[in-house]
Asker: 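Okay, handing you the structure first.
These values consider heavy atoms only, across backbone and side chains, with no hydrogens, waters or symmetry-generated copies.
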Amino acid sequence: MVTCHCTLKCLLGGEKTFQLSFCTVTLHWNATQMKIHYSANACLLPICSLYGVAVTTVEGIGSTKTRIHPVQERLAKCHGSQCGFCTPGMVMSIYTLLRNHPEPTSEQMIAALAGNLCRCTGYRPILDACKTFCKDSICCQRKANGKCCLDQEDYLFDNEEKVSTSLFSADEFQPLDPTQELIFPPELMTMAENQPKTTLVFRGGRVTWISPVSLDELLDLKATYPKAPLVVGNTGVGPDMNFRGVFHPVLIAPARIPDLNVLKYTNDGLTLGAACSLSLVKDILTNAIAKFPEEKTRVFCAVLQQLRTLGGEQIRNVASFGGNIISRKSTSDLNPVLAASNCMLNLASRGQRRQIPMSDIFADGVGNNTITPEEILVSIHIPYSRKGEYVSAFRQAPRRENALPITNAGMRVLFEEGTDIIKDLSIFYGGAVSATVCAKETCWTLIGRHWNEQMLDEACRLVLKEVALPGSAGDENVDYKKTLMVSFFYRFFLEISQSLKTMDPCHYPGIPVEYGSVLQDFKTRMPQSMQIYQDVDPSQSSQDPVGRPVMHQSGIKHATGEAVYIDDLPSVDGELFLAPVTSSRAHAKIVSIDTSEALKGAGVFDVITAHDVPAANEFHFSHDPEIIFARNEVICVGQIVCAVVADSYVHAKQAAAKVKIEYEILEPVILTIEEAIKHNSFFEPKRKLEQGNVDEAFETVDNIIEGEICIGGQKHFYMETQSMLVVPKGEDKEMDLYVSTQHPAIIQEMVAASLGVPANRIMCHVKRVGGAFGGKILRTGLLASVAAVAANKTSRAVRLILSREDDMVITGGRHPFMAKYKVGFMNDGRITAVDAIYYVNGGCTPDESVLVAEVSLLKMDNAYKIPNLRCWAYVCKTNLPSNTAFRGFGFPQSGLVTETWITDVADKTCLSPEKIREINMYKKSEQTHFKQTLDPQNLTRCWNECMEKSAYYSRRTAIDEFNKQNYWKKRGIAIVPMKFPFGLGTPYLSQAAALVHIYTDGSVLLTHGGIEMGQGIHTKMIQVASRELNIPMSRIHFCETSTTTVPNAFASVASAGTDVNGMAVKDACQTLLKRLQPIIEKNPTGTWNDWIREAFKQSVNLSATGYFRGYNEYMDWEKGEGQPFTYFLFGAACSEVEINCLTGDHKVITECQRIHKCHFFFYLKIEGAFVQGVGLYTMEELKYSSEGALYTRGPDQYKIPAVCDIPEQFSVSLLSPSQNPYAIYASKGIGEAGFFLGCSVFFALRDAVTGVRNERGLKKTFALNSPLTAEQIRANCADAFTGMVREGGGRLCVTVAG
């Protein structure tokens, strides 16, 4: 079955290039196979490889036209779908697991989702749906009485509150009945039974695919085509060919050859065929470990440990064991442990068979020690471990699962019988260098040594000397990799020391008790969660949906794959595909553009340049222009220079790669904030806010501290990349634009200006957006203009769907910040003066950077009253892609700066951070630093209730006790308050309109100016109309947002969509009700349909527009005062974390939030915002080359939080009662505000690092930047190993004996 949702938005997949798994499908093999149902990524599956295989897509398991599957139903009804783009992949991952295990364990469920990513939900509601299928209890049983820590104890609730904790009713779910699942197609079964296995040959226009059935035939083919790659899972070759321009005219698929699928137990080990999938290898090793004694399975255990985190299920199900080895990639987690374990490779070529140690393929040997092009890896022999032999594997990655390693290692030691004398030693490292390397000189030197501290010291020094890493001296990343290398060996040393003690406790002392916990890696567990919200009033009509947990209106369609996104739109006759050609230089003059070779390409229609723009190629929203096509000069890597249109996406991409652009480098090239300061490169205006007398205040304080913090950028990483379809209508210069955007009106305006036509000729349509977070406004307008210019020139429909890599290269993201601050305070912790400067990296054009800087100033105080405050904001003009709006809009950065100096003051005064926060918090109704009145009553309530409900002080005590008992693992805790002002600063930005039609059958059609991008705005607008018209939601339909129905609508941003559009919908509905009122009064017992029919007969207008003028907001920057916000939201979050001091890895144990009451759907966004915030503050790191090229340009290099990163205990409660007269039904715009609360994890990590440093006597002040990655954590947990690396291999001094 063909699926409309098997998209290429991942565009990168594989063991070495990890996937997003939107395109997950289920593969079914003949029932004679060991495991017949596999999840896989459709974007990696060549159709030729599916001969004899049944493929099930998300549409195949259920639809709204037939019946929906229980997985689809539960995911939707548990609110596990928001923007919906990732939902089909989630559904198929869960479905596949249930086909194999109808009653899975929670561990199996977590593993099944490890390869899927979601940017909206924060994963909690998805996992809630999963739990309904699990057979085992999901209770953590951490209380002394064996109960769950999240049991609904009295202290969690206020006695006077009527609250609810249930977001769905499991009683409504249809049962899972395995007997009703799809059977394996009889036609395929018959074909498999009756047709003899023969060689398959598929010939395409450029590529030939050959699938032999015997080893001899394969060897002949390899001799004939020595350069032809072998393709089993296509996780290596596929991405290279599809996305990196590598071409192979012949592909050989050996998966059907029995010799390459062998499973054989021998006297000395286990032999596995090279074509066995990693999932199959994982299952085989699991069974072997259960079958054989522990002494024989240590190699198996070490390999299995690496397999658990290698890719996701979708990758492991197709990637081959042999392919992982033969690729020799340094990023392979398997190669170091397999090589260290003395595994053997069985090779074959025509007329020859041989066996070599796996370690040889990583050596510099020649002749028989290397694999020749004609040779095939047939199988791998994994030996049993022997008595006195120990094997371990280690890895550290940017994310615990489904991420390439920063460094990995495999280590093995064999002792002389009954002693601790080293008889043989193997140490292999990967990740850190270009290939897996063996520290053989170190190993040879240590043979014959006792396993003691002297050996440890020498081993670490030898390893650092022998294994050379690329990079300059003092390179932080290199230092981290070196530290990991010796830390891994130290961990190995501890493991073996403990094993020796177990073997002979009389002779071997083992390790200190407080060291023991570091031997256990962090595991991903099914999170426990609780959501507490105020129940609706008992008197509220059961038909009134407001305040109830209503399922997303498109939730079922998301889960069935029927929800239509831009790339799902049917092809238009004559449609062309556009591929942009982008600059490879950060700042250069364009000397020439040669398109001759590109125009010769197959299917190429034309090349579009700036000369083809009929009117405006630049838009002057401020002093510096936003540019469609670069004309004479490029100002960043990724700027669009021209574009190719062709009859297919593949042809367009191939031709784009052939466009030759000659550059002349211009100076200066400014990439960083520091370089912008040096060259005085800034966008105007610079902004300042000041209150009190800062200079005088500094003269009277007891203490002054100064500091600096850098905050990295962040990519939006929306699941649906920038997408648009432009369709010329053929007359009057009209165009239909179908765009994934937050702001249809700006798209309309920019496209009209670029084409030189009135805006009324451009119709922009938006059904739904697969995630945006601020990234689909101005940047999307420029891209839509590119496509519109192409459509105008060619008179053809043009489809532009950016690949993930192009999207990340072309578009900007969150603004990197650098802040310098000076803080004056008294000994009792009162802060009386702050002087700060914010430098904001705006990129190459202004976009909304100045506005971001302004918001960062307005919100910089967070929850604190600082009597004397001065802060400047400078927007740096650099040669990076223009940074733009992003959820939080400057507050996540300025808020983190504020909380940093709060924590610095706590360090200086020796008071706790929470005490400093309490002392300086707003406590009474008073003015902010921009002279707007603030009532902090609910801020105080949120803080106090979060302190109470999180049991902060008892947890603080427990953490202190844990830290005393554990040396290499530490815990930390932090509680952070939040004041988030709501508003857009100017009345016209918050105006909104709606249009409501009532048809004669009583059905209602609703439209408004808001955009559905996961926040459930259409569902909420239907709730509003349902309440106002007093009819069921089922009678109301929303079609699309369009400039043809609601003109001039402002962007759906700043969590304002519900507030303003809700007011407009309410206004329209009230207008209609007013018209209907005379009819209702004459027939009060009539039905809705009766009233509507009568109104029509009386010629009553059943269509109405609604309008909301906007909020009365203003800001005078000359005076530094105003009322830029309408109301304030408040919240507090408490996070507890645990770190591994040897690696810098961490896990979030608990998260407790107390939030100002908000609408239910915004409640759902709190968790997604929090997890996205955790990504900014701890994980998502952007890296650029010295020439300005983005390194982290896909899911393999850029890591967003996954299932493994969310808190093990996640509790969110809403403050009630809490009214808001300014918004629809007391709604609160919390979707943006919740993001900042992710910084509680940052400061909990800081607390843990502080505990480490205090214990080790490191009293020197330390600074942490964002994101607070494992690298930073490890560097600040200074010890003998970091010292050894820093000093170039100095002597190690660490006590290990118990």
Asker: Locate the shortest heavy-atom distance separating S554 from R768; write the atom from each residue and the value.
Answerer: OG-NH2, 3.1 Å

Asker: When the ring centroid of H558 is compared with that of H552, is the distance short of 6.0 Å?
Answerer: yes

Asker: Give the minimum heavy-atom separation between E401 and A114, together with the two atoms involved.
Answerer: OE1-CB, 3.3 Å

Asker: Can R804 be said to sit on top of F717's aromatic six-ring, NZ or CZ under 6.0 Å from centre and within 45° of the ring axis?
Answerer: yes

Asker: In terms of relative ring orientation, are F1210 and F1170 parallel, tilted or perpendicular, with 30° and 60° separating the classes?
Answerer: tilted

Asker: Does the pair K767/E1040 count as a salt bridge with the N-to-O cut at 4.0 Å?
Answerer: no

Asker: Check for me whether the distance between the ring centres of F773 and Y718 falls short of 6.0 Å.
Answerer: no

Asker: Please check if the distance between the ring centroids of H1008 and F1038 is under 6.0 Å.
Answerer: yes

Asker: Can a donor-acceptor pair be found between the side chains of Q305 and D521 at a distance below 3.5 Å?
Answerer: yes

Asker: Determine yes or no for a side-chain-to-main-chain donor-acceptor pair under 3.5 angstrom, with Y123 supplying the side chain and G80 the backbone.
Answerer: no

Asker: Does atom CD of Q540 have more than 12 heavy-atom neighbours from other groups under 6.0 Å away?
Answerer: yes

Asker: Which heavy-atom pair separates I1036 from S1026 by the least distance, and what is that distance?
Answerer: CD1-N, 3.5 Å

Asker: May I ask you to check if R400 and F522 form a cation-pi contact, with NZ or CZ under 6.0 angstrom from the six-membered ring centre and within 45° of the axis?
Answerer: no

Asker: Between the side chains of T26 and T96, is a donor N or O closer than 3.5 angstrom to an acceptor N or O?
Answerer: yes

Asker: May I have the list of side-chain donor-acceptor pairs in residues 182-191 shorter than 3.5 Å, sequence neighbours left out?
Answerer:
from, atom 1, to, atom 2, distance (Å)
T190, OG1, P186, O, 2.9

Asker: Taking all heavy atoms of V281 and all of C276, pick out the closest pair and write down the distance.
Answerer: CG2-CB, 4.0 Å

Asker: Can a donor-acceptor pair be found between the side chains of D567 and S723 at a distance below 3.5 Å?
Answerer: no

Asker: Checking Q72 side chain against G62 main chain: does a donor-acceptor pair fall under 3.5 Å?
Answerer: yes

Asker: Can you find a side-chain donor-acceptor pair between H69 and E181 that sits under 3.5 Å?
Answerer: yes

Asker: Distance alone, cut at 3.5 Å: any donor-acceptor contact between the side chains of K131 and S106?
Answerer: no

Asker: If you look at every heavy atom in K1165 and G1231, which pair is closest and at what distance?
Answerer: CB-CA, 4.1 Å

